[in-house]
Amino acid sequence: VIANPSFTVNTSSWSSGGTGVSFTRDTGLFDSSPAAAKLTSTQKRTLCYATTTITGLFQAGLTYIVSFRVHSTSDGAYASFGTTKTPLESYGSWEDGSVFWTPTSNTTNAAFTISGTEWNFGIQNVYFDTLSLSVSAATLADRRGFRRAKDLRVNSPLDTSGVIGRQLAD
């Protein structure tokens with residue numbers, strides 16, 4: 001369970017750290033009312049972060065997804081969930097963000113973190129909002145153990161009729 005996913009109340013379930021870092025609830029810029037979280041760093045090329053613990057049982061072999069909306073003033077921000085870290089691609093507008101994690105053993109609780117480590121400028125802000133947790137459902141083919149594969153030699157020319165291209169798409 002993600003506590004306070006739209007920062008309706010405060011940021012008390014989160015902790016933050018780093019040099020020149022502030023972490024606040026912002027009611028001026030948000031994706032869903034009434035607020036968003038705002039991570040600010042005034043130092044360049046230093047680690048800053050905001051983290052929370054997502055509670056529950058995470059089963060080995062299942063893929064869990066934390067989805068959220070993100071708005072950043074520059075590149076160099078990351079989202080981490082469990083042991084997976086992914087760059088955030090959002091500059092100047094609200095974008096969808098997500099990070100996937102598949103635990104290798106049953107685990108209770110997992111950390112979700114927004115961080116900045118490669119900011120090359122002065123003050124940088126990352127806003128995030130509308131957090132949700134979901135489990136990736138297997139497709140029918142996955143459940144039956146079916147895997148589709150087609151070998152295509154790199155040096156083989158594709159025919160002009162498009163038959164091979166259609167076979168690859170199937």
Side-chain angles (χ1 to χ4, degrees), residues 1-139 142:
V1 175
I2 300 176
N4 196 20
S6 287
F7 302 93
T8 303
V9 182
N10 54 36
T11 59
S12 64
S13 62
W14 292 74
S15 61
S16 62
T19 304
V21 172
S22 70
F23 181 66
T24 58
R25 178 178 177 265
D26 190 295
T27 58
L29 182 61
F30 52 83
D31 176 62
S32 62
S33 186
K38 178 182 177 184
L39 176 64
T40 301
S41 173
T42 59
Q43 303 292 315
K44 58 184 177 180
R45 296 184 187 163
T46 61
L47 173 65
C48 66
Y49 65 89
T51 190
T52 190
T53 299
I54 300 175
T55 60
L57 173 64
F58 297 94
Q59 297 179 353
L62 294 179
T63 300
Y64 296 87
I65 307 158
V66 175
S67 301
F68 50 92
R69 299 283 287 167
V70 61
H71 181 291
S72 180
T73 56
S74 76
D75 60 352
Y78 293 86
S80 303
F81 176 45
T83 58
T84 304
K85 181 178 179 180
T86 189
L88 299 178
E89 304 285 336
S90 169
Y91 317 114
S93 65
W94 285 100
E95 301 289 338
D96 292 326
S98 60
V99 61
F100 299 76
W101 174 52
T102 305
T104 56
S105 62
N106 289 348
T107 305
T108 55
N109 306 331
F112 173 72
T113 304
I114 298 289
S115 62
T117 57
E118 298 175 11
W119 288 332
N120 295 317
F121 306 105
I123 297 174
Q124 302 298 315
N125 298 306
V126 176
Y127 299 84
F128 53 101
D129 197 0
T130 320
L131 284 80
S132 66
L133 175 67
S134 60
V135 178
S136 178
T139 65
D142 291 336

Residues pairing under salt bridge (Lys or Arg N to Asp or Glu O under 4.0 Å) where one sits in residues 102-111, two or more places apart or in two chains, turn out to be none
Of the non-hydrogen atoms in V21 and G17, which two are nearest, and what is the gap between them? CG2-O, 3.4 Å
Partners of D129 by salt bridge (charged side-chain N to carboxylate O under 4.0 Å, His left out), sequence neighbours excluded? none
Roughly how far, to the nearest 0.5 Å, is the OG atom of S22 from the CG atom of L39? 7.5 Å
side-chain contact (heavy atoms from CB on, under 4.5 Å) partners of D26, counting only residues at least two apart: L29, K38, Y127
Measure the shortest side-chain to side-chain distance between Q59 and Y64 over non-hydrogen atoms and say whether it is less than 4.5 angstrom. yes
Distance in Å, L62 CG paired with S136 OG, rounded so as to fall on 0.5 Å steps: 9.0 Å
Heavy-atom distance under 4.5 Å between the side chains of Q124 and T40, does that happen here? no
To the nearest 0.5 Å, atom CG of L88 lies from atom OG of S115 at 8.0 Å
Report yes if some heavy atom in the side chain of I54 is under 4.5 Å from a heavy atom in the side chain of F81; otherwise report no. yes
Sequence neighbours left out, what passes side-chain contact (heavy atoms from CB on, under 4.5 Å) with T11? Give chain and number order. F7, F23, R25
Measure the CZ-OG distance between F128 and S72 for me, rounded to the nearest 0.5 Å. 11.0 Å
Applying side-chain contact (heavy atoms from CB on, under 4.5 Å), name anything that partners T8, two or more places apart in sequence or on another chain. N4, S6, P34
To the nearest 0.5 Å, tell me how far S132 OG sits from R69 CZ. 11.5 Å
Interatomic distance, CZ@F68 vs CH2@W94, rounded to 0.5 Å, equals 10.5 Å
Under 4.5 Å between any side-chain heavy atoms of I114 and V70, yes or no? no
Under 3.5 Å, side chain of T42 to main-chain N/O of G20, donor-acceptor pair present? yes
Which pairs of donor and acceptor atoms, one on a side chain in residues 98-113, lie under 3.5 Å apart (sequence neighbours left out)?
| residue | atom | partner | partner atom | Å |
| --- | --- | --- | --- | --- |
| W101 | NE1 | T83 | OG1 | 3.3 |
| T102 | OG1 | T63 | OG1 | 2.7 |
| N106 | OD1 | A60 | N | 2.8 |
| T107 | OG1 | S105 | O | 2.9 |
| N109 | OD1 | G56 | N | 3.1 |
| T113 | OG1 | T51 | OG1 | 2.8 |

